[in-house]
Amino acid sequence: MRFPKKLEQGNTVLLVSLSSPLAADQPVEAIAAAVENLGFRVRIGESCRASTPSGYTAAPAEVRANDLNRGFADPSVDAIWCTRGGSTSWQLLPLLDYVCIAAHPKPFIGFSDVTTLHLAIQQRCGFVAFHGPTANRTLGWQDDLFSWRSLRAALEMEECMPVENPAGEDIQVLRPGRACGRLTGGNLSLVTTSLGTPWQIDARNCILFLEDVGEDVYALEEMLWQLKYNGTLDAAVGLVFGAFTGCRNAYRGNYRPLEMIKDFFAGWPKPVLWNVRSAHCSPMVTLPMGTMCAIDGCGKGAMTLRRWK
C-alpha cells in the first residue's frame, strides 16, 4: 500500500463536492478562502457549483466523477479535499478511472459518505486515503486547532505516528489484546452498504475502524450483525470504534452505543478499542486509511500507525 506524497505549504488543493451539496451558509468561496489561509493554493471543482433536481446530490454523477478523475490526472493538483459528506458517492464508483487514479496517488481527504470512495481507492488503486475532516469544517477552525494539527500530522506522517485523541478523551479498551494489520473501514452505514457489491470491504487481516452518526442503537446492532454474518468482523484481527454522535435508543435511554457494543463483543477473542475521535465529532482525529496499524488493548488503549516498508 503506497503513501501519497506529503502535502506542503503552497501546494494546490482541489475542492470537490462528491456527495451532497453545500449548505447555503457554507459557500464554496468561503471554504476556499479558509483553505487558502492554511497556506494552500485552491481550485474549485465544477461539482461544487452544480446542482441536481433531487436536492440531495451536489451535481450529476458524471460531473462529480469527472472532477475526481481529472483531479488525479492533473499534475498541477497536489491533493483533493471533499467539501462535505452526505450521501450518493456510491453513484460514482462505476465511473471512476481507477487505472489513472492508481498511477497518480495524491492525498484524498474526507469522511462520512466519503468512506465509499476511500474503500474503492484503497482496494482498486493501492494507496492510502485520509479519513479526516471535510473542507467545510475549516470555516470553524479558529476554534479548533486540534483538528488542523491532526490532519497536518497525518499528511506529513513519517515512519510512525501514534494516534492522539483530544485532551480528556481517552482511548478505552473493551476487549484486551494486541493486533496489527492494515487499517480499513470508516462509516459503519457505508461499510455495510458495500457488502455484496464489487467494491465490498475487504477486512481480512485488517484493523477495522467503524463510526457513525444519527443512527438508532438497534440499527447499529443490526449493521454489526450483518458484518458478523457476512464474515467481515471475523476476518479482521482487531476492531476500533470511533464516536457515535447522536446515536440514541428511544426504548431505553441509558442503553447507548457503548453499552450495546460491550454486549455484542462480550467474550470476543480479539482486541476491541473504543473512542478514537475520528468521526462525526469536533475536534477530529485524521486517520490515514490503508496504512499499517497496531492496536494495544493490554492496559491503557493505544493505536499506532506505520508506513508500509
Side-chain angles (χ1 to χ4, degrees), residues 1-5 7 14 16-19 45 47 57-75 77-82 85-132 134 154-155 157 181-210 227 230-232 235-237 278 286-293 305 307-309:
M1 186 73 67
R2 295 168 294 163
F3 215 98
K5 183 180 177 181
L7 187 62
L14 174 67
V16 292
S17 292
L18 304 180
S19 300
S47 58
T57 305
E62 292 77 11
V63 172
R64 291 177 284 146
N66 284 341
D67 262 1
L68 197 55
N69 288 332
R70 290 169 182 166
F72 277 104
D74 187 342
V77 170
D78 300 295
I80 301 168
W81 200 347
C82 298
S87 62
T88 70
S89 66
W90 54 267
Q91 296 175 351
L92 310 188
L93 296 179
L95 303 176
L96 297 183
D97 186 343
Y98 295 104
V99 173
C100 175
I101 294 172
H104 305 96
K106 300 175 182 181
F108 176 60
I109 309 163
F111 79 114
S112 192
D113 193 54
V114 185
T115 290
T116 296
L117 301 170
H118 281 176
L119 293 176
I121 286 173
Q122 289 171 60
Q123 294 174 199
R124 298 291 182 93
C125 305
F127 63 86
V128 167
F130 295 88
H131 184 272
T134 45
L155 292 170
M157 179 177 160
R182 179 174 60 86
L183 181 63
T184 192
N187 182 265
L188 173 58
S189 302
L190 277 303
V191 167
T192 306
T193 301
S194 77
L195 302 182
T197 74
W199 302 273
Q200 176 173 308
I201 188 171
D202 181 2
R204 290 174 294 178
N205 301 313
C206 289
I207 302 295
L208 178 60
F209 171 79
L210 299 169
L227 293 176
N230 165 265
T232 296
V237 296
S278 183
T286 295
L287 296 176
M289 305 300 289
T291 195
M292 286 298 295
C293 175
L305 306 176
R307 280 178 174 262
W308 288 80
K309 297 285 188 180

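Residue indices begin at 1 and follow the sequence shown.
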Problem set entry | Backbone of N69 reached by a side-chain donor or acceptor of D97 within 3.5 Å | no
Exercise. Counting only N and O atoms by type, is there a donor-acceptor contact under 3.5 Å from the side chain of R2 to the main-chain atoms of A102?
Worked result: yes
Exercise. Rounded to the nearest 0.5 Å, what separation is found between the SG atom of C206 and the CE atom of M292?
Worked result: 9.0 Å
Problem set entry | Check: A59 main-chain N/O paired with R64 side-chain donor or acceptor under 3.5 Å | yes
Exercise. Quick one: CG on L96 to CZ on F72, what's the gap to the nearest 0.5 Å?
Worked result: 9.0 Å
Exercise. Taking S194 for the side chain and I201 for the main chain, is one N or O donor matched with an acceptor at less than 3.5 Å?
Worked result: yes
Exercise. Which atoms form the tightest heavy-atom contact between H118 and A129, and what is the distance?
Worked result: CD2-CB, 3.5 Å
Exercise. Between the side chain of Q122 and the main-chain N/O of T184, is any donor-acceptor distance below 3.5 Å?
Worked result: no
Seminar exercise, completed: Closest non-hydrogen contact found for G85 with S19 is O-CB, 3.2 Å
Exercise. Can you find a side-chain donor-acceptor pair between N187 and T115 that sits under 3.5 Å?
Worked result: no
For this session: To the nearest 0.5 angstrom, please state how far the CG atom of L227 sits from the CG atom of L210.
Result: 6.5 Å
Seminar exercise, completed: The side-chain contact (heavy atoms from CB on, under 4.5 Å) partners of A154 (sequence neighbours excluded) come to F130, M161, T286, P288
Exercise. Is there a side-chain contact (heavy atoms from CB on, under 4.5 Å) between C82 and F111 once you walk through the steps?
Worked result: CA-CA 8 Å; C82 298; F111 79 114; over 6 Å; no
Exercise. Is any side-chain heavy atom of F3 closer than 4.5 Å to a side-chain heavy atom of P105?
Worked result: no
For this session: Would you confirm whether S89, through its side chain, and D113, through its main-chain N or O, come within 3.5 Å as a donor-acceptor pair?
Result: yes
Problem set entry | Minimum side-chain heavy-atom gap L93-L117 below 4.5 Å | yes
Seminar exercise, completed: What one should report as the nearest heavy-atom pair of F127 and I101 is CE2-O, 3.4 Å
Exercise. Between L119 and W199, is any pair of side-chain heavy atoms under 4.5 Å apart?
Worked result: no
Problem set entry | Separation between CZ of R182 and CE of M1, rounded to the nearest 0.5 Å | 4.5 Å
Problem set entry | Inter-residue atom distance L183.CG - C293.SG, 0.5 Å rounding | 5.0 Å
Exercise. Where is the tightest heavy-atom contact between G86 and S112, given as atom of each residue plus distance?
Worked result: N-OG, 4.4 Å
For this session: For L208 and G185, work out which heavy atoms get closest and say how close.
Result: CD1-CA, 3.9 Å
Problem set entry | Closest heavy-atom pair and its distance - V128, P4 | O-CG, 3.4 Å
Problem set entry | Side-chain heavy atoms of L155 within contact of I109, under 4.5 Å | yes
For this session: Could you walk me through whether F209 and L287 pass side-chain contact (heavy atoms from CB on, under 4.5 Å), step by step?
Result: CA-CA 10 Å; F209 171 79; L287 296 176; 4.0 Å; yes
For this session: Evaluate the criterion side-chain contact (heavy atoms from CB on, under 4.5 Å) for residue pair L68 and L95; output intermediate values, then yes/no.
Result: CA-CA 10 Å; L68 197 55; L95 303 176; over 6 Å; no
Problem set entry | Heavy-atom side-chain proximity of T291 to M157 below 4.5 angstrom | yes
Exercise. Is a side-chain N or O of K106 found less than 3.5 angstrom from the main chain of G71, in a donor-acceptor match?
Worked result: yes
Seminar exercise, completed: One should read off an interatomic distance between T116 OG1 and Q91 CD, to the nearest 0.5 angstrom, of 11.0 Å
Exercise. Hey, are the side chains of W90 and T193 touching, using non-hydrogen atoms and a 4.5 Å cut-off?
Worked result: no
Exercise. Ignoring hydrogens and geometry, is there a side-chain-to-backbone donor-acceptor pair from D67 to V16 under 3.5 Å?
Worked result: no
